[in-house]
Amino acid sequence: MLSAPLEHQSNAEILLWQGRYRAIALPLIGLSMVTLKWFGVISGESLFAPRFGARALLAAVVGIVLLYVLFHRVMAARLRRARSVGRSAVYLALASDVLVLFAAVALTTPPEHYDRALIISLFSVQLTQIFFGWTATLVNVAMIILGYLVLVSLAVAGLPSMSPAEELWTLALYGIAVLLYVIVQGHVATRMRRLVQIFTRAQEGDFSARYEEEPDQMPDPITVIGRAYNRMRTHLETIVLTDPLSGCFNRRGLEQLSEREVSRALRGRRDFAVLAIDVDHFKAINDRFGHLTGDEVIREVGALLRETAREPDVVARIGGEEFTIIASESNEEGAMILAERVLEAFRAHQFRSLPADVRITTSVGVAAAPARDGDIAKTLSARADEALYVAKRNGRDRAALWSAGMRAFDGSTGAHGRLTGEQAQAS
């Protein structure tokens with residue numbers, strides 16, 4: 001479902017473009033009816049013709065149509081200024097349609113042909129169902145039924161020979177047909193909303209939802225679209241959430257998966273750990289061997305970290321030679337064991353893109369705590385960064401566990417906790 005502000009904005013946009021068609025469609029129907037009656041192409045007198053005269057009634061219809069057009073012009077101007085309206089504006093527009101339609105029919109049509117109003121009203125029901133949903137459609141149908149009942153009541157009162165049972169049977173058939181249409185169209189609209197929700201989540205980088213095909217007992221183009229999305233979902237997730245160089249998750253993927261892991265940790269009241277990892281002296285690799293070699297090293301680093309981490313862990317590259325591992329369900333001891341595995345993996349690995357005598361090490365900052373609130377990932381990431389800089393300051397190729405009172409940044413660091421230019425170059 002759309003949130004209230006989005007729904008109100010959508011209502012305004014739909015009413016604006018529908019207003020242009022309203023200003024053409026109903027006036028065209030009304031004026032065509034007046035023209036044909038005026039020149040005698042359509043015979044038969046309305047219930048009110050003997051009292052007021054046919055020409056006067058036709059003039060009244062023209063006046064009603066002009067008022068209808070003026071009303072929607074005023075409404076369009078207000079919609080452009082407001083850009084957001086609630087359901088009351090939708091109901092007001094629908095009421096104006098019903099009022100003009102049944103007024104024109106009452107003033108120009110013989111009672112035995114009042115069912116023409118029901119036929120014309122089907123267009124309004126269809127547009128309402130497609131663009132405004134179930135509630136507005138039911139309100140619209142209720143207005144139409146009420147208008148038809150008023151017409152029939154006036155006819156029965158003016159023409160004793162008219163059979164109300166026949167008219168009510170016509171109304172019942174109309175109700176059944178509209179109900180069946182609303183059910184079918186409502187099913188289509190529900191599935192379309194499911195697709196919109198899936199695409200909205202995908203736009204935000206969340207590809208966890210898939211289109212469920214099982215409820216679609218009668219496959220149609222919507223099912224085809226859903227199946228196409230399911231086939232592309234994994235590929236899209238890889239493109240949007242993965243760093244193409246290292247093969248690890250990127251920042252966006254890290255943020256999304258962090259939320260998921262935090263939610264799981266909170267539900268289970270489990271420990272949560274973050275490892276901040278930085279390749280030692282990576283700038284020297286770039287300076288000595290070039291950036292293409294540096295890129296190859298990053299690719300191998302990403303693969304090495306993914307192989308070393310546990311299967312449920314989230315490995316992400318957050319920029320340059322900086323990586324993060326989210327280790328859910330890990331306490332301080334478990335996180336330090338993982339950090340030591342990372343260190344040993346780097347010490348033992350021979351990077352294919354570098355000479356045999358060149359070894360690469362890494363520094364790791366570790367922070368862990370029980371998950372107690374939704375900000376635990378951000379808190380632990382900041383702590384892991386502090387611990388990382390302590391590890392680098394203490395000689396690199398080591399892991400440091402964050403503890404209360406740890407001072408990663410002292411007088412030898414720059415403002416705001418950043419390394420000075422000399423230290424940054426050496427990192």
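All values derive from a computational prediction rather than experimental measurement.
V178 approaches V141 most closely through the heavy-atom pair CG1-CG2, 3.6 Å. Closest approach of F132 and R87 over heavy atoms only: O-NH2, 2.9 Å. The two residues L154 and L47 make their nearest non-hydrogen contact at O-CD2, 3.3 Å. For the pair A136 and V90, the tightest heavy-atom approach, listed with the atom from each and the gap, is CB-CG1, 4.4 Å. In terms of heavy-atom proximity, A367 sits nearest to A384 at CB-N, 3.7 Å. Pairing each heavy atom of V315 with each of A309, the nearest pair is CG2-CB, 3.7 Å.
Side-chain atoms of I360 and D280, non-hydrogen and from C-beta on, never get closer than 4.5 Å to each other. At a threshold of 4.5 Å between non-hydrogen side-chain atoms, the residues V314 and I325 do not count as touching. Counting heavy atoms from C-beta outward, L241 and L254 have side chains that stay 4.5 Å or more apart. Looking at Y68 and D97, their side chains come closer than 4.5 Å, going by heavy atoms from C-beta outward.
The side chain to side chain donor-acceptor pair (under 3.5 Å) check on S96 picks up H72, with sequence neighbours excluded. Not counting sequence neighbours, R73 has no partner by the side chain to side chain donor-acceptor pair (under 3.5 Å) test. Taking E322 as the reference, D278, I318 meet the side chain to side chain contact (heavy atoms under 4.5 Å, CB included) condition, with sequence neighbours excluded.
A salt bridge links R299 with E296: the distance from a Lys NZ or Arg NE/NH1/NH2 to an Asp or Glu carboxylate oxygen falls below 4.0 Å. E344 and R341 are not joined by a salt bridge, as no carboxylate oxygen comes within less than 4.0 angstrom of a charged side-chain nitrogen.
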_Pair Y211, R227 - check side chain to side chain contact (heavy atoms under 4.5 Å, CB included), show working._
CA-CA 7 Å; Y211 183 79; R227 289 172 177 170; 5.8 Å; no

_Intermediate values then yes/no, side chain to side chain donor-acceptor pair (under 3.5 Å), S121 and Y148_ = CA-CA 11 Å; S121 71; Y148 191 78; over 6 Å; no

*Step-by-step side chain to side chain contact (heavy atoms under 4.5 Å, CB included) determination, I120 to L101*: CA-CA 8 Å; I120 298 172; L101 173 62; 3.8 Å; yes

*Show your working on side chain to side chain contact (heavy atoms under 4.5 Å, CB included) between F282 and V297 and close with a plain yes or no.*
CA-CA 9 Å; F282 185 74; V297 170; 3.9 Å; yes

_Before you tell me yes or no, could you show the steps for S124 and N140 under side chain to side chain donor-acceptor pair (under 3.5 Å), namely the whole-Å CA-CA distance, both residues' side-chain angles and the distance that decides it to 0.1 Å?_
CA-CA 8 Å; S124 175; N140 191 23; 3.0 Å; yes

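Atoms CZ and CG, from R55 and L57 in turn, are 12.0 Å apart once rounded to the nearest 0.5 Å. Taken from CG in L138 to CD in Q129, the straight-line distance is 8.0 Å, to the nearest 0.5 Å. Here N286 contributes atom CG and L292 contributes atom CG; the two are 9.5 Å apart, rounded to the nearest 0.5 Å. Atoms OG1 and CG, on T308 and L304 in that order, are 4.5 Å from each other to the nearest 0.5 Å. Atom CG of L127 sits about 5.5 Å away from atom CD of Q18, to the nearest 0.5 Å. Interatomic distance, CZ of R22 versus CG of L15, reported as 6.5 Å (0.5 Å rounding).
The aromatic rings of H349 and F351 lie perpendicular to each other, with more than 60° between the two planes, well past the 30° mark.
By the 6.0 Å contact criterion, CZ on F199 is enclosed, its count of non-hydrogen atoms from other residues, nucleotides or ligands being greater than 12. The environment of R78 atom CZ is sparse: at most 12 non-hydrogen atoms of other residues, nucleotides or ligands sit within 6.0 angstrom. With a 6.0 Å radius and a threshold of 12 heavy atoms from other residues, nucleotides or ligands, R210 has its CZ atom above the threshold. With a 6.0 Å radius and a threshold of 12 heavy atoms from other residues, nucleotides or ligands, E333 has its CD atom at or below the threshold.
Listed by first then second residue, pairs satisfying ring pair (Phe, Tyr, Trp, His ring centres under 6.0 Å) with a partner in residues 78-125 number zero, not counting sequence neighbours. Residue pairs meeting the salt bridge (Lys or Arg N to Asp or Glu O under 4.0 Å) criterion with at least one member in residues 303-312, sequence neighbours excluded: R310-D313. The ring pair (Phe, Tyr, Trp, His ring centres under 6.0 Å) pairs that include a residue from residues 316-337 number zero, where partners must be two or more places apart or lie in different chains.
The aromatic ring centroids of Y174 and W169 lie 6.0 Å or more from each other.
At least one donor-acceptor pair under 3.5 Å links the side chain of S246 to the backbone N or O of C248.
Both the sub-6.0 Å distance and the 45° axial angle are not jointly satisfied by R317 relative to the ring of F249.
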